[in-house]
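Below is one structure, written out as structure tokens; the observations come after it.
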There are 2 protein chains.
Amino acid sequence: MTIPFNELRKKWRKDPKYLKAYGELEPEFELARELIMARAKAGLSQKELARKMGTSQPTVARLESGHKPSLKTLERYAEAVGMKVDIRLVAG
Amino acid sequence: MTIPFNELRKKWRKDPKYLKAYGELEPEFELARELIMARAKAGLSQKELARKMGTSQPTVARLESGHKPSLKTLERYAEAVGMKVDIRLVAG
DNA sequence: ATTTATTATACCAATTTTGATATAATGTTC
DNA sequence: GAACATTATATCAAAATTGGTATAATAAAT
């Protein structure tokens, strides 16, 4: 079944408040958010996505909670949700 | 001193020929190229960049030759050349 | 309220990446 | 051509991530 929208919204509402306390947007939460949205868009649970990636549900949870993955793992995640990873170095 | 432009051009000329032989653009070479260009733009040698990253020159060479780094390492590279990593999942 | 589904966390072995050293290959300067 | 600078490759120990299991917490369905 698909991920309920208000669950994602609650996550998103938590994040900005937390991040505002620190006065900046943490990059690792930005990526985690990107992953969660991509998975929601694909209509998959963590368990279903883990199967497609050839890994386990806790591994997916860890990727979506701000841990820093390897590019290899990131690309496997993206492929499992039917997308590709696009990486740029931009002016900082 | 800055990286001679024709050295980079030679690299770029090698890459497309090699890649055309396989009929596609390998993502890891795409990232490697992005890194090399960013470093060239910052006017740094691998040794100088390694110092800024807090690592060694061979580690930088490995990053720029197609090996898959962790995000943490990628962010350290980007910060050392005065940039930020921008990661998107895009339709594939 | 109970059951089921989903997500999050902890721990540890296995695997992968980093970091350092040594050194080779290539290019530049003189 | 020699000296110097830059880049590339190999190897191995250390560090970090993955993968799996167990389990807890939360949410949804009944």
Side-chain angles (χ1 to χ4, degrees), chain A residues 1-15 18 28-29 31-33 35-81 85 87, chain B residues 1-15 18 28-29 31-33 35-81 85 87:
Chain A
M1 51 82 156
T2 61
I3 310 300
F5 177 76
N6 58 341
E7 172 182 298
L8 296 174
R9 193 169 51 183
K10 268 199 281 178
K11 282 180 188 292
W12 300 335
R13 271 201 275 156
K14 275 184 200 169
D15 277 352
Y18 174 80
E28 59 264 36
F29 288 108
L31 174 64
R33 197 183 292 117
L35 297 182
I36 291 168
M37 287 177 66
R39 179 168 62 81
K41 192 173 178 182
L44 298 168
S45 66
Q46 287 182 346
K47 192 175 181 181
E48 289 166 330
L49 176 55
R51 236 185 247 126
K52 284 183 149 233
M53 282 178 72
T55 188
S56 63
Q57 175 266 321
T59 298
V60 173
R62 190 170 50 208
L63 293 174
E64 296 180 353
S65 65
H67 284 248
K68 291 197 191 283
S70 63
L71 278 193
K72 187 175 171 183
T73 299
L74 202 53
E75 285 166 357
R76 280 172 55 217
Y77 188 113
E79 185 179 356
V81 295
V85 181
I87 300 179
Chain B
M1 50 84 155
T2 61
I3 310 300
F5 176 76
N6 58 339
E7 172 182 297
L8 296 175
R9 191 169 52 184
K10 270 200 281 175
K11 281 179 188 295
W12 300 337
R13 271 200 278 155
K14 276 184 198 169
D15 277 353
Y18 174 79
E28 60 264 34
F29 287 108
L31 174 64
R33 197 183 292 118
L35 297 182
I36 292 168
M37 287 176 66
R39 179 169 61 83
K41 192 174 179 182
L44 299 167
S45 66
Q46 288 183 343
K47 191 176 182 180
E48 291 166 330
L49 176 56
R51 236 184 249 122
K52 284 180 147 236
M53 283 178 70
T55 188
S56 63
Q57 176 268 320
T59 298
V60 173
R62 190 168 52 204
L63 292 174
E64 295 180 353
S65 65
H67 286 247
K68 291 196 189 280
S70 63
L71 278 193
K72 186 176 173 183
T73 299
L74 203 53
E75 284 167 357
R76 280 170 55 219
Y77 188 114
E79 185 179 354
V81 295
V85 181
I87 300 179

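So that the names make sense, note that chain A is the first sequence line, chain B the second, and so on, each numbered from 1.
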- line: Here the distance between atom P of dA20(C) and atom CD of Gln46(B), to the nearest Å, is 15 Å
- prompt: Tyr77(B) versus Val85(B): any side-chain heavy-atom pair under 4.5 Å?
  reply: no
field: Between P of dT6(D) and CD of Glu64(B), the distance in whole Å
entry: 13 Å
- request: Using a 4.5 Å cut-off on heavy atoms from C-beta on, say whether the side chain of Leu74(A) contacts that of Ile87(B).
  value: yes
- request: Would you give the length of the straight line joining atom CG of Leu49(A) to atom CD of Glu64(A), rounded to the nearest 0.5 angstrom?
  value: 7.0 Å
- request: Start with the C-alpha gap between Leu63(A) and Arg76(A), add the side-chain angles, then the distance that decides, and say whether side chain to side chain contact (heavy atoms under 4.5 Å, CB included) holds.
  value: CA-CA 12 Å; Leu63(A) 293 174; Arg76(A) 280 172 55 217; over 6 Å; no
field: Atom-pair distance (CG on Leu49(B); P on dA8(D)), nearest Å
entry: 13 Å
statement: In B/S/- notation (B base, S sugar-phosphate only, - none; protein heavy atoms under 4.0 Å), nucleotides 13-23 of chain D written 5' to 3' is ----SBBBBB-
task: Hey, could you give me the CD/CD distance between Gln46(B) and Gln57(B), rounded to the nearest 0.5 Å?
output: 5.0 Å
